[in-house]
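Working notes, beginning with the structure itself.
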Amino acid sequence: MDMSSDESFLTRTRGRRSLQALEAMLDAGSPALREAQISKTLRRKSAVTAVNVQKSLQLLDESVSSAGNRSLRTPGGSVNISSYVPKLLAPGNKFDVSSRMGIVARKTPKKDGSFHRSMQEESMSSPFRNLSGMAPVIEMEGDEVTTTNVGLLLEEDPGVSSSKDLYMDFLQCLRDHPSEGELFTLVEGYEKLCQDQVVLLKKLVRHASRQEEKFTRTFNVLQQLSDEECTWKLIKNLFKDRQETAMKEEFMMDEMKEEPTVVQGVHQSDARIANDLLDKDQSVREAQVVVDWLESSAQDNWEYFSENIKFFSDRAVGYENAKHRLQTRSSGLPIGADRSLITELDPDAPIRQNKLLDDLDKEDEDRLLQYIFVCIRAGQLEKAQKMCIDCGQAWRAATLEGWRLFHDPNYEGLGPECQRTPVEGNPNRDIWKLVCWNMTQDPKVNVYEKAIYSALSGNLRGMLPVCKSWVDYVWAYFRVLVDMRVEEEIRLKTTIGRGLESLPGQYYEKNLNARVVFREIEANETMQKEANALYHVIQKYIILEDITGLLDILHEKMSHGGPELSLHTLRFMAHFVLFLRKVGQHSQEDICNLIIERYVEELIKNKQYSLLAHYVSKLPASAQVHWYAQFLEGITTKEDRARYLDLAEEAGLDVAAITKRVVENIRSKSQVDFSSLQDTQASVDTHISEEDLRKIEAIDWLVFDIVQRAEAMKQANAVMRTFIALKKLDAAKAVFEKLPPDSVDIVHKVWHQQTGTPQLPLQDRNTVREYLCIKAYLDAMESFNDWMQHYHHGKPVRPHVPQGGSFTDRVAYEHRLKQYEQEHDRWHHNLLMQTQTTKEHIYNVLLFADGGWMVDQAPEDVDEDIADHSGDDEAGQRSSQLDRLRRLVLPGLVFLLHNVLHTSEQYQESLRIADVIASEQHRLYMVFRKEEMQRLLLLLRESSLKLLDQGRGPLGYERD
């Protein structure tokens with residue numbers, strides 16, 4: 001062997017080791033590959049090789065400098081592999097099944113770009129990490145650190161911060177696809193939103209590899225969204241198939257519903273039999289959909305793994321280390337002990353010679369097998385075959401073809417000009433399958449090699465040893481389930497002219513169906529924890545088409561494990577039940593409503609206010625009013641109130657009922673027992689608490705829309721009644737000022753516009769009457785306060801007489817006295833005018849028209865009485881409050897009136913109060929308690945005595 005061959009091998013070996021070290025340095029988590037073994041190999045090189053060290057180093061520098069641009073070497077020749085998939089289904093056929101069973105090609109689109117995996121990602125349950133253990137390499141293209149990424153990294157919890165817009169995105173997606181015809185476009189939108197967020201979070205966690213504690217919640221969010229993305233994908237695939245199957249069965253002709261019979265003597269290929277089975281048997285078809293889903297989901301993660309097989313084989317040569325050793329031996333150079341290594345390079349040499357592979361070749365092959373299984377797990381058989389060819393094992397790529405179903409299209413017709421179409425698949429598939437089963441029984445065969453051929457031949461026992469996660473187990477079981485059903489169908493209906501080879505008894509030992517699959521997986525102790533994970537439970541029940549059981553599980557999780565459910569999980573649950581409504585599976589509406597209510601509740605807690613109206617609109621009417629009113633209670637600014645009421649109106653909510661409930665809720669939180677209140681002789685409370693302020697501002701909810709002016713007046717009256725009973729007149733006045741001055745006219749106009757009649761209903765008439773009663777009382781109290789202010793603070797002070805002063809002092813005193821007398825006259829005149837005004841305002845209350853102050857009008861007829869008051873507990877409570885308020889307020893007003901008149905020396909006018917109280921027209925004496933009446937009589941006695949002192953009679957008349 002010439003020196004250039006040895007030199008080239010050394011250069012490649014050292015170059016590979018250096019690239020592996022560079023890879024580990026860049027990835028900060030993937031160790032350099034086989035450094036110890038390579039070093040050991042290099043130490044075994046001959047002294048002749050050392051002569052060329054300098055040249056090798058130069059070549060190494062060149063290889064490292066161009067490592068980023070080096071591509072896989074394409075071999076000169078390639079294995080002639082037949083078409084992978086017989087395309088038998090006609091265009092437009094709805095059933096899109098996997099090419100795994102040779103039916104049609106996969107339609108799953110490839111994802112663009114590849115990304116790093118940080119050390120944190122190794123802790124995540126990736127099916128590829130579990131199956132292959134292969135670490136991805138760094139590919140910087142499309143994964144640069146953007147300004148947005150850097151900003152998110154500075155957040156306290158980047159995962160939460162970056163996903164906060166996802167709630168609005170889901171709502172917008174829901175709004176953009178409202179019709180049932182866009183149902184699966186909607187689900188695809190949900191899936192895409194989760195996928196985009198997962199991509200962003202994976203970028204974040206890679207750049208944050210040294211801040212693991214800070215990003216704990218970010219990892220949790222990433223895992224949840226990854227699971228949710230997979231679940232939406234499953235929902236789309238399965239429900240679409242089920243819906244289309246139902247439509248097909250509904251409109252299919254009766255004769256087409258019957259199973260087609262096999263005509264003896266007519267050729268049926270394996271692929272055609274399998275196609276017919278999938279077309280008619282929904283359970284098999286759905287099992288294949290599950291396999292496709294699991295492989296497609298794994299393919300999403302597969303993009304994160306580069307073809308790092310290139311780092312241990314950079315040319316299309318198999319067993320290159322053994323080849324180098326044999327070439328070295330033939331040249332006469334010393335190679336050291338061969339440890340019974342193979343002396344031939346064909347694939348069967350290790351078994352035939354019962355010798356070992358070179359250590360590096362063995363490691364290359366083990367990693368290649370691991371990589372092949374990863375590809376098969378992700379539905380990427382073509383990539384596995386390409387890698388086999390690139391690694392110099394074209395024979396292995398050919399062995400991966402044996403599973404394909406045989407189909408000869410020429411039986412169905414020749415091509416143009418009677419040309420024959422190439423035959424597809426393996427006519428001896430049964431023999432290939434039996435060989436695969438026998439191979440898996442050999443303990444010397446690599447565990448991944450067993451898994452590869454077990455996956456292609458339906459051998460469950462051969463796959464399970466390399467399955468490390470729940471999704472891996474489900475994939476293995478369902479793949480075997482489909483394989484068994486297809487095999488049974490082929491053996492039952494085959495028309496080939498030879499007997500099929502019998503498969504081992506183990507192949508038929510399990511009678512699998514979907515429920516049996518999940519039952520066996522859950523019985524596995526190592527899988528129980530994963531099987532009970534929420535999203536895996538959801539996926540299980542969706543596959544089993546047990547929506548009732550699933551809703552029960554979700555309700556149980558929400559009821560007993562409520563605090564553990566994140567907002568993202570509740571978002572998924574809410575949108576899932578909305579999806580079920582659209583698809584027509586909403587038998588358990590009570591549970592669906594509870595799930596949506598829980599999501600609404602969490603949105604309120606997390607201040608996602610702009611989303612609420614739409615989701616509240618999906619609830620029953622009573623729940624809509626309850627939840628949106630509860631939310632609006634916490635809104636204080638006028639601008640926000642108008643905004644959220646507009647959103648409620650856009651969502652079709654009953655704004656009038658909601659705003660009414662808001663005010664009622666605020667009122668109910670501080671109910672006052674009128675019967676326990678004392679008389680009005682206690683001092684007036686001028687303090688307005690925060691609770692009082694909330695009641696006052698609550699009236700704003702009802703004045704946005706003039707249509708609600710009657711309700712606004714009604715609620716304002718109720719609040720003012722309470723404040724008046726508690727002597728909080730400033731608070732009552734603040735409520736009164738919340739209603740625009742034209743409210744009475746507005747109430748009449750609105751009613752007239754709505755009904756065409758000018759006469760208000762009795763309830764509204766009494767509401768307006770009560771409003772006017774309160775206005776009269778507040779005017780009376782304001783007038784009395786003005787009187788008090790004028791009497792006590794406006795009265796001029798008489799100047800003091802100077803004692804022994806000079807003439808100048810006396811002149812000054814006389815001037816001040818004259819000025820005082822003038823001011824006193826003006827004060828007294830104004831006092832009489834204010835007294836008259838106050839008297840009139842108080843009499844407006846005491847002598848209120850049509851029955852008295854705070855007395856409702858009686859119904860004009862029986863029907864109106866029934867319409868307005870029948871069974872109305874609130875009306876009964878109001879009537880009781882009005883009666884109690886009369887007893888609390890009117891005696892106090894009488895005492896105030898007497899005080900005003902008596903203090904103003906209008907004694908005779910004071911005594912006329914007795915006539916007003918005793919009048920049967922107003923019957924004010926009925927609101928006085930015994931003690932209050934006795935006190936009034938004492939006050940009247942004092943006024944009578946004053947008249948006697950003036951030389952008049954006890955009632956104020958002039959004496960003869």
(message) Check this for me: Glu690, atom CD, are more than 12 non-hydrogen atoms of other residues, nucleotides or ligands nearer than 6.0 Å?
(response) no
(request) Decide, yes or no, whether a salt bridge links Asp700 with Arg641 under the criterion of side-chain N to carboxylate O below 4.0 Å. (result) yes
(message) Can you confirm whether more than 12 heavy atoms, excluding those of His793, are under 6.0 Å from its NE2 atom?
(response) yes
(request) Answer yes or no: is there an ion pair linking Asp779 with Lys775, defined by an N-O contact shorter than 4.0 Å? (result) yes
(message) Taking NE2 in His792 as the centre, count heavy atoms belonging to other residues, nucleotides or ligands within less than 6.0 Å. Is the count above 12?
(response) yes
(message) Nearest 0.5 angstrom please: Thr659 OG1 to Leu632 CG, how far?
(response) 8.5 Å
(message) Do the side chains of Lys818 and Glu821 get close enough for a salt bridge, i.e. N-O under 4.0 angstrom?
(response) no
(request) Measure from NZ or CZ of Arg935 to the centre of the six-membered ring of Phe895, then state whether that distance is under 6.0 Å and the direction lies within 45° of the axis. (result) yes
(message) Evaluate Ser783 against Asp786 for side chain to side chain donor-acceptor pair (under 3.5 Å), listing each step before the verdict.
(response) CA-CA 5 Å; Ser783 180; Asp786 293 341; 5.6 Å; no
(request) Determine, for Lys946 against Glu905, whether the closest basic-nitrogen to carboxylate-oxygen distance falls under 4.0 angstrom. (result) no
(request) Salt-bridge test for Lys714 and Asp764: reply yes if a basic N is under 4.0 Å from a carboxylate O, no otherwise. (result) no
(request) Working to the nearest 0.5 Å, report the span between CG of Leu937 and CD1 of Ile917. (result) 10.5 Å
(request) State whether the number of non-hydrogen atoms from other residues, nucleotides or ligands found under 6.0 Å of Met168 atom CE is greater than 12. (result) yes
(message) Aromatic contact between His824 and Trp827, with the criterion being ring centroids under 6.0 Å apart: yes or no?
(response) yes
(message) Looking at Arg694 and Glu691, is there a salt bridge between them, counting it only when a charged N and a carboxylate O are closer than 4.0 Å?
(response) no
(message) Test side chain to side chain donor-acceptor pair (under 3.5 Å) on His898 and Ser943; report intermediate values, then the result.
(response) CA-CA 9 Å; His898 180 271; Ser943 297; 2.8 Å; yes
(message) Check the orientation of Phe631 and Tyr609. Use parallel for under 30°, tilted for 30 to 60°, and perpendicular for over 60°.
(response) tilted
(request) To the nearest 0.5 angstrom, please state how far the CD atom of Glu942 sits from the CG atom of Leu947. (result) 12.5 Å
(request) Count the heavy atoms of every other residue, nucleotide or ligand shown that sit under 6.0 Å from CD of Glu649, and state whether that count exceeds 12. (result) no
(request) Decide if atom CZ of Arg581 counts as having more than 12 heavy atoms of other residues, nucleotides or ligands within a radius under 6.0 Å. (result) yes
(request) May I ask you to say whether Lys738 pairs ionically with Glu697, meaning some side-chain N is under 4.0 Å from a carboxylate O? (result) no
(request) Flag the pair Cys773 / Phe848 as yes when at least one side-chain heavy-atom distance between them is below 4.5 Å, and no otherwise. (result) yes
(request) Please round to the nearest 0.5 Å and tell me the distance separating atom CG of Asp856 and atom CG of Leu762. (result) 7.5 Å
(request) Report yes if the distance between the aromatic ring centroids of Tyr644 and Tyr628 is under 6.0 Å, otherwise no. (result) no
(request) Cation-pi check, Arg886 to Trp853: give yes when NZ or CZ is under 6.0 Å from the six-membered ring centre and within 45° of the ring axis, no otherwise. (result) no
(message) Let me confirm one number: the CD1-CD distance from Ile591 to Glu556, rounded to the nearest 0.5 Å.
(response) 10.5 Å
(message) Is it the case that the ring center of Phe928 lies less than 6.0 angstrom away from the ring center of Tyr925?
(response) no
(message) Quick check for you: to the nearest 0.5 Å, what is the distance between Ile913 atom CD1 and His902 atom NE2?
(response) 11.0 Å
(request) Start with the C-alpha distance between Ser880 and Asp883, add both sets of side-chain angles, then the distance that settles side chain to side chain donor-acceptor pair (under 3.5 Å), and finish with yes or no. (result) CA-CA 5 Å; Ser880 175; Asp883 182 69; over 6 Å; no
(request) May I ask you to decide whether Arg721 forms a salt bridge with Glu770, counting only side-chain N to carboxylate O separations under 4.0 Å? (result) yes
